[in-house]
Amino acid sequence: MNIVLFGAPGVGKGTQAQIIAERNNIAHLSTGDEFRRNIKEQTELGIKVKAIVDSGALVPDSMVTEIVRSALNTPKFDVGCVFDGFPRTITQAEDLDILLTKKQSSIALVIDINVPEDEIVERLLNRGRADDTDEVIRYRLNVYHEQTAPVLNYYRAKNLLVSIDGNASVEEVYERINTHLVVVNS
Ligand code: B4P
């Protein structure tokens, strides 16, 4: 089972992806976590993307797809995966389809998590990561509306999209997601 978790920064994709992966015994791939790990370890990739991630802009599609391609080549992804924060552009969505088709696999469901913007800003300011300053959060929200939100239409056209109200407790949001996972699993 491959699931895509979709939504603006701070809606809780990372939080829910971890729970979905644990409770359904599938892998979890966060492109954001992969970039932060590379930045921390000062790898060649990390050095290239640090300024981009700190600014709140999107990392170029080719670098993002390469991370996903190499992850999908490892056996732990054969049981399925929660994609967290990927795809964020139409090109990435097309790349993911190609990568999964090569593995004779496909996306079962795309879950769009919705949270009001003032709640998002509050959550991220409380989290306080390096890219969680007021200015960068507002820029990331703009990037989401301009470059990432159009991907919703790509999945809507494929009949894969469901929307969830993410403005509730972590457990309540998981319950809402799970009502859809149960249908996919049945
Ligand atoms: P990401 O790492 O994907 O981060 P995010 O969108 O900001 O966070 P997320 O939605 O996962 O929120 P979380 O659960 O943590 O991206 C960071 C950067 O990496 C991007 O700006 C970009 O530069 C780069 N990048 C990543 N993927 C890319 C791609 N595919 N293409 C190009 N560039 C890419 O939750 C946020 C906070 O809310 C947490 O503190 C959490 O505890 C809290 N929270 C969660 N659920 C809650 C709830 N129900 N109630 C209250 N608080 C909650």
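Just follow the structure's listing: the first ligand is 1, and inside any ligand the first atom is 1.
- Closest heavy-atom approach to atom 43 (C) of ligand 1 within the set Q16, R123, R129: this belongs to R123.
- Considering backbone and side-chain atoms alike, S30 places every N or O at 3.5 Å or more from each N or O of ligand 1.
- Using a 4.0 Å heavy-atom cutoff, R36 is listed among the residues neighbouring ligand 1.
- The protein heavy atom nearest to atom 23 (O) of ligand 1 is A57 O, 2.7 Å.
- Every atom of ligand 1 is numbered from 1 in the order shown, and the set under 4.0 Å from a heavy atom of V11 is 10 (O).
- Each of the following atoms of ligand 1 lies closer than 4.0 Å to a heavy atom of Q92: 29 (C), 30 (N), 31 (N), 32 (C).
- Under a 4.0 angstrom heavy-atom cut-off, A17 registers as lying outside contact with ligand 1.
- Looking at V64 against ligand 1, only its side chain comes within 4.0 Å, counting heavy atoms.
- Residue V4 is tested with L160, V82, L96, I111 for a side chain to side chain contact (heavy atoms under 4.5 Å, CB included); the sole match is L96.
- Polar contact with ligand 1: present for V59 (N/O pair, distance under 3.5 Å).
- Remark: among candidates P87, A168, G12, the nearest residue to atom 49 (N) of ligand 1 is A168, based on non-hydrogen atoms.
- Summarising the contacts of atom 1 (P) of ligand 1 with K13, R88, E122, M63, the nearest heavy atom is found in R88.
- Nearest non-hydrogen protein atom to atom 15 (O) of ligand 1 is R127 NH1, 2.6 Å.
- Some N or O of G10 is nearer than 3.5 Å to an N or O of ligand 1, by distance alone.
- Among the atoms of V53, none of the N or O lies under 3.5 angstrom from an N or O of ligand 1.
- Remark: minimum distance from atom 27 (N) of ligand 1 to any protein heavy atom is reached at T31 OG1, 2.7 Å.
- On a distance-only criterion, T15 and ligand 1 share at least one N/O pair closer than 3.5 Å.
- A salt bridge does not link D131 to K50: none of the charged side-chain nitrogens sits closer than 4.0 Å to a carboxylate oxygen.
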